[in-house]
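Below is one structure, written out as structure tokens; comments come after it.
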Amino acid sequence: MRIMTWNINSLRLRLPLVHKLVTNYSPDILCFQETKVPDPLFPHQALQDMGYPFIAFKGMKSYNGVAIASRFPLQPNDSPPDWCMKTDSRHLDVEILHPTTSFRLHNFYVPAGGDIPDPESNPKFAHKLAFVKETTEWFTQTPSKATILVGDLNIAPLPEDVWSHKQLLPIVSHTPVETELLTQWQKTIFVDAMRLITPPPEKLFTWWSYRNRDWRKSNRGRRLDHIWITPDLTTKLKTIEVLKDVRDWEKTSDHVPLFMDITL
DNA sequence: ATGGTCGCATAGCGA
């Protein structure tokens, strides 16, 4: 079972890149963030034609948006939480119905939080902190077995998850209040699957800003995208790959896709 | 210290 996650920064614009990913890597399940497409305009047929008949999506005009495209049937949570009461298309919660081993899959797009790391003066940062507190509370009350969480969590928790721990400490995505909250969320029922495969001190990035002349040369990356699994799945975890080369594809996202292989 | 680049509601916002 290969599960891929990608902050695609417009699904419709990058459908050709999805096709290339499918051809090259053949994921069983694709999880997208920042689809930026309202539900009536969702490219359902294109994903079906690529071999994904089972699709869950939640979008809005211009911003946010999440989707899951699967080769296996899926069953969405029929009463998903409305995080921060904003109804802003940041989360999908589905059961993947696999012939031998079903599991629960969460796809998250956490608020980026704006530029100023102060909840008093920056409502976007306040929203980000409130969002992560709510998800933490919610996961303390959910079953702790056979669950996978992926997505753009917009926080790089470890010193080795950013190009310069010291320089990014006051930067939104790596401030102590954020990294502490993300750790608390993770500890509810999950372990960090990426760091089981690639432990520190090896650096691991999934995002490089559009604003660098040469992203590879400057390498000012951050690990904003994550794959978490419940402990019962760790023995089934085979590999995780961060598809760094996709950052060089034509008209690509500033995030790269990553996938996990698990034996079910 | 500043500005740098994307995508979508094609203007200014959010990232």
Side-chain angles (χ1 to χ4, degrees), chain A residues 5-21 31-43 46 57-67 83-84 86-91 107-119 121-132 150-157 161-164 166-175 177-179 181-182 205-226 243-258:
Chain A
T5 178
W6 191 20
N7 179 321
I8 194 167
N9 187 17
S10 173
L11 176 58
R12 285 174 296 172
L13 188 71
R14 295 189 224 289
L15 275 172
L17 299 192
V18 175
H19 191 268
K20 190 170 168 182
L21 274 175
C31 298
F32 298 111
Q33 304 85 37
E34 282 204 270
T35 54
K36 294 187 173 178
V37 56
D39 288 346
L41 299 177
F42 190 86
F57 54 93
K58 192 194 285 182
M60 56 195 281
K61 200 189 284 187
S62 186
Y63 302 118
N64 310 329
V66 280
W83 305 111
C84 301
K86 283 182 181 283
T87 323
D88 57 357
S89 304
R90 295 181 177 276
H91 176 218
N107 180 16
F108 271 98
Y109 174 54
V110 171
D115 288 332
I116 301 158
D118 171 19
S121 64
N122 175 10
K124 285 190 271 209
F125 194 70
H127 176 214
K128 184 179 198 175
L129 301 184
F131 188 100
V132 175
V150 305
D152 176 7
L153 305 185
N154 266 317
I155 298 172
D161 293 336
V162 292
W163 62 276
S164 166
K166 196 171 173 181
Q167 288 183 75
L168 289 218
L169 271 173
I171 304 299
V172 171
S173 74
H174 196 60
T175 65
V177 61
E178 293 170 84
T179 57
L181 282 175
L182 193 76
F205 308 148
T206 64
W207 172 89
W208 291 261
S209 171
Y210 281 129
R211 299 179 196 180
N212 284 319
R213 184 164 303 183
D214 183 337
W215 70 274
R216 199 184 281 274
K217 189 177 171 198
S218 61
N219 197 26
R220 296 188 165 192
R222 306 178 201 170
R223 183 169 72 114
L224 303 179
D225 304 275
H226 296 269
L243 300 179
K244 191 173 171 179
D245 288 349
V246 175
R247 189 63 181 76
D248 274 329
W249 287 8
E250 281 288 307
K251 294 282 286 175
T252 199
S253 172
D254 46 356
H255 296 251
V256 296
L258 43 151

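The chains referred to below are lettered A, B, ... by the order of the sequence lines, with proteins before strands, and numbering in each begins at 1. Scope of the values below: all heavy atoms of this structure, side chains included, with no hydrogens, waters or symmetry mates.
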May I have all residue pairs that pass salt bridge (Lys or Arg N to Asp or Glu O under 4.0 Å) and include part of residues 11-21 of chain A, sequence neighbours excluded?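 Counting only pairs at least two positions apart or across chains, no salt bridge (Lys or Arg N to Asp or Glu O under 4.0 Å) contact touches residues 11-21 of chain A.
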Indicate whether the side chain of D225(A) and that of W6(A) have a donor and an acceptor atom separated by less than 3.5 Å.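 Side-chain D/A pair, D225(A) to W6(A): absent.
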Where protein sits on nucleotides 6-15 of chain B, one letter per nucleotide: B base, S sugar-phosphate only, - none, heavy atoms under 4.0 Å: SSSB---BSB
Just by distance, do the side chain of N219(A) and the backbone of W163(A) share a donor-acceptor pair under 3.5 Å?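 Checked: no pair found.
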Quick one: does any side-chain atom of E34(A) pair with a main-chain N or O of N9(A) as donor and acceptor, under 3.5 Å?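 No: the side chain of E34(A) does not pair with the backbone of N9(A).
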In terms of ring plane angle, is the pair F57(A) and F42(A) parallel, tilted or perpendicular, where the classes change at 30° and 60°?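 Ring orientation of F57(A) relative to F42(A): parallel.
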Expressed in whole Å, how much space separates the [atom1] atoms belonging to [N] and [M]?
| N | M | atom1 | value |
| --- | --- | --- | --- |
| dT2(B) | dC6(B) | P | 23 Å |
| dC13(B) | dA9(B) | C1' | 10 Å |
| dA15(B) | dG3(B) | C1' | 16 Å |

Rounded to whole Å, please give me the gap between CD1 in I171(A) and C1' in dA1(B).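 Atom-to-atom, I171(A) to dA1(B), this comes out as 13 Å.
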Is the count of non-hydrogen atoms from other residues, nucleotides or ligands lying under 6.0 Å from D115(A) atom CG greater than 12?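 Open.
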